[in-house]
**Student:** 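Take this structure first; my questions come after.
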Amino acid sequence: MPELNGLILRTNPQVLATGRLIKGLYYSYGPTGPYDMVAFYMACDGHSEPAPFAVTEFQSRQLFFDRDRDGCADVTETLPQPEIDPADFLPSVNDVEQLCSEDTVSSLMR
């Protein structure tokens, strides 16, 4: 997956909703510049996973998809359109139905 630590996080990382959801975080190279990347995280009951399952780089329209959520991209492709709906990828994400289990939520809190 692309390294996001060198970028500036431009959106609030807090997860305020309950239940399972996808949280999109937008990043840029400069504090006032346009969004350069968006990273999509699985989240449950106020806690997001530490690594994103998908990252899109806007200029090149490259999508990096981490099917097993181990931090390494399993699929890299160019998007035909500049927009992405992360929900389209949920059927391909391994163990997504387990995200809100008690063990998973407690491991997110560490």
**Student:** To the nearest 0.5 Å, how far apart are OG1 in T56 and CD in E77?
**Tutor:**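 Reported value, rounded in 0.5 Å steps: 9.0 Å.
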**Student:** How many angstroms lie between OH in Y27 and CG in D36, if you round to the nearest 0.5 Å?
**Tutor:**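 If we round to the nearest 0.5 Å, Y27:OH and D36:CG are 12.5 Å apart.
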**Student:** In terms of hydrophobic clusters joined by side-chain contacts under 4.5 Å, are Y41 and L63 together?
**Tutor:**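 No: no chain of side-chain contacts under 4.5 Å links Y41 to L63.
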**Student:** If you round to the nearest 0.5 Å, how far is CZ of F53 from CE of M1?
**Tutor:**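 It comes to 9.0 Å.
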**Student:** State plainly whether one hydrophobic cluster holds both I22 and Y26, where clusters connect Ile, Leu, Val, Met, Phe, Trp and Tyr through side-chain heavy atoms under 4.5 angstrom apart.
**Tutor:**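 Cluster IDs for I22 and Y26 match.
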**Student:** If hydrophobic clusters are built by linking Ile, Leu, Val, Met, Phe, Trp and Tyr wherever their side-chain heavy atoms come under 4.5 Å apart, do V75 and F40 end up in the same one?
**Tutor:**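 Yes, it is one cluster - the side chains of V75 and F40 are joined through contacts under 4.5 Å.
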**Student:** What's the spacing between Q14 CD and L25 CG if we round to 0.5 Å?
**Tutor:**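 Reported to 0.5 Å precision, the distance equals 11.5 Å.
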**Student:** Considering the options F64, F58, Y29, which one meets the side-chain contact (heavy atoms from CB on, under 4.5 Å) requirement together with M37?
**Tutor:**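 It is Y29; the other options fail the test.
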**Student:** Does one hydrophobic cluster hold both L7 and V38, with members joined at side-chain heavy-atom distances below 4.5 Å?
**Tutor:**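 No; tracing contacts between hydrophobic side chains, which count when under 4.5 Å, never links both residues.
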**Student:** More than 12 foreign heavy atoms under 6.0 Å from CD of Q59: is that the case here?
**Tutor:**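 No.
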**Student:** Mind checking the CG-CG spacing from D45 to L16? Nearest 0.5 Å is all I need.
**Tutor:**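 Separation between the atoms: 12.5 Å.
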**Student:** Which atoms form the tightest heavy-atom contact between P34 and S28, and what is the distance?
**Tutor:**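 So the two residues come closest at O-CB, 3.1 Å.
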**Student:** Rounded to the nearest 0.5 Å, how far apart are OG1 of T78 and CD of E57?
**Tutor:**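 Those atoms lie 10.5 Å apart.
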